[in-house]
Amino acid sequence: MISSIRTKLTVWYVAVLALIIISFAGLTYLLVVRVIRQETDETLREMARNLTTGMNAEYQEESAASPAEFSSDNVIAEVINESRFHDYVFTVYTADSRLVSSTAADTELNTGLLKNSSPEFAFETAPVGNEYYRVRQFPFVLGAEHFNLIVARSLADQERFLFRLRSILFVSVPVALFLTGLGGYFLARKSLAPVARMSERAATISAGNLYERLPVGNEKDELGKLAAIFNELLLRLENSFQQQRRFMADASHELRTPLAIVRGESEVALSKDDRAAGELRESLAIVHDESRRLTKIVEDLFTLARADAGQFGVKFGKIYLDELLADCVRAVNVLAKKRNITLELTLPAEMPFWGDDQLLRRLFINLLDNAIKYNYPGGKVIISGATDSSTCMILITDTGIGIDAGEKEKIFERFYRTDLARSRSEETITSGSGLGLSISRWIAEQHHGTIEIVSSGESGSVFAVSLPKQKLDKVSNH
Ligand code: ADP
């Protein structure tokens, strides 16, 4: 089997062209044969007409001038003898096939022509002796006598011409095909050269040099477009590789701090045999806190990894967001009390929704946790909601430290934490890892919804969660 596209294209090209050229040559040849035959027939017909007219005229003239010596045979012989042309034979027979006169001395030729000239008075092509002849009978009447005029033309020179034409075609058609094949091969090679260049470059691209791009050439043609699309794919791959690398680096960085604390604390606790129970308890409490933080980071990482791999099975079911939010508020109440922050819940009486109970709990706890963590002691968090036929909208408003305008989108990135949050030394604030909001956004997206920062400034931030309700409608209509 032919494996190269270039050769395949050339073979197809030559095959199609061969079909066209051979049919064209064949048709041309047949047409030439036809035209030559028609012209020959026309000339023979014309000559026959001239001869019979000449004989009739001579007959009239001579029969009037000297009726005593006059004979039809003489008149015919006279006219026939005067009409000698190269390659042409004219012979006159009486109705009972007696030879009256002929331009050919060869009797064999004459009988051959007589035998082959059609009694239906149509032109025939007949072999006589070594040559082919075009021959036809024309009956005519001279006085009261009936005669047959046989007109014939040797086809020898026409056969020679046709043989030459055939030879030319037999040589020129293969030569033309060979040349067009060669041309086709070079054209295919030229037009596929960008593919060769692209595959050469693509072969050198791997994870280490994803920044490389394929040569685009003419970006308006098909190959240019293919290269551009491939380059876009490379860009996406490069971005996701970079994201992956950053994620790994950030994850190890986040894990390093609590691990270092755990290690440091345990080393201090173990360094002396006679540590006081109080000191040991203190160290253990720190180790406990840090391991809790580690557990949270690892859990979050695990959630994101499963989400990225598409393995997180979202379990949809009918829930009431008002109840779910009340539960979340109860869950964060301890932390709020600890920081002296008031939680205020103002929701419509019922907010039915079709979603994953556990994931939505996680989303709102993350937001409430942040609203408390990044708040000032004595601050306030208001959870308000509204619902219409298509959407459930929940707003979480805090009176906290706020987020700079330039960081509003960045805080949804993995491991991103604002400088404002980092610079604060309170334990609750430093405990974050920067994964909560990216998980929350993923959860909202799983519900075809969004999380946005509606406003943020010195007086605090407002986070809006918008969750479309279509699925619930579909299900409840059943
Ligand atoms: P974490 O809270 O664990 O650090 P998140 O992804 O939940 O991670 O939040 C990312 C960052 O966004 C936080 O570190 C903080 O800088 C900022 N942030 C989130 N919520 C608020 C808020 N309500 N007020 C001010 N800053 C916030």
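These numbers come from a predicted model, not from an experiment. Note that these values count all heavy atoms, side chains included, but never hydrogens, waters or copies made by symmetry. Each ligand, and each atom within it, is numbered from 1 in the order the structure gives.
Only one option out of Q158, R153, R45 pairs with T40 in a side chain to side chain donor-acceptor pair (under 3.5 Å); it is Q158.
For ligand 1, the atoms lying closer than 4.0 Å to a non-hydrogen atom of Y416 are 10 (C), 11 (C). Here is the list of ligand 1 atoms found below 4.0 Å of a heavy atom in S433: 1 (P), 3 (O), 4 (O). Atom numbering of ligand 1 starts at 1 in the shown order; those under 4.0 Å from a heavy atom of S461 are 24 (N). Remark: ligand 1 atoms within the under-4.0 Å shell around heavy atoms of T418 are 15 (C), 16 (O).
Evaluation of the salt bridge (Lys or Arg N to Asp or Glu O under 4.0 Å) test over residues 349-364, restricted to residues two or more places apart or in two chains, returns D300-R362, D327-R361, D357-R361.
With hydrogens and angles disregarded, no donor-acceptor distance shorter than 3.5 Å links the side chain of K408 to the backbone of V454.
Taking the centre of each ring, H447 and F316 come in below the 6.0 Å mark. Between Y320 and F353, the ring center distance fails the sub-6.0 Å criterion.
When only interatomic distances are considered, the shortest N/O to N/O separation between F463 and ligand 1 does not fall below 3.5 Å. Ligand 1 has an N or O atom lying under 3.5 Å from an N or O atom of G434, backbone or side chain. Residue-to-ligand polar distances place N370 within reach of ligand 1: an N/O pair is separated by less than 3.5 Å.
Within the 4.0 Å heavy-atom criterion, the part of I403 lying near ligand 1 is the side chain and not the backbone. Contacts between L435 and ligand 1 below 4.0 angstrom, taking non-hydrogen atoms only, involve the backbone exclusively.
A heavy-atom separation below 4.0 Å is found between K373 and ligand 1. In this structure, G400 has no heavy atom closer than 4.0 Å to ligand 1.
Remark: R166 CZ is packed, more than 12 non-hydrogen atoms of other residues, nucleotides or ligands lying under 6.0 Å away.
Rounded to the nearest 0.5 angstrom, L395 CG and I383 CD1 are separated by 11.0 Å.
Annotation: side chain of R37 is in contact with side chain of L155 (closest heavy-atom distance under 4.5 Å).
Residue nearest to atom 27 (C) of ligand 1, selected from F412, Y374, F415: Y374 (by heavy-atom distance).
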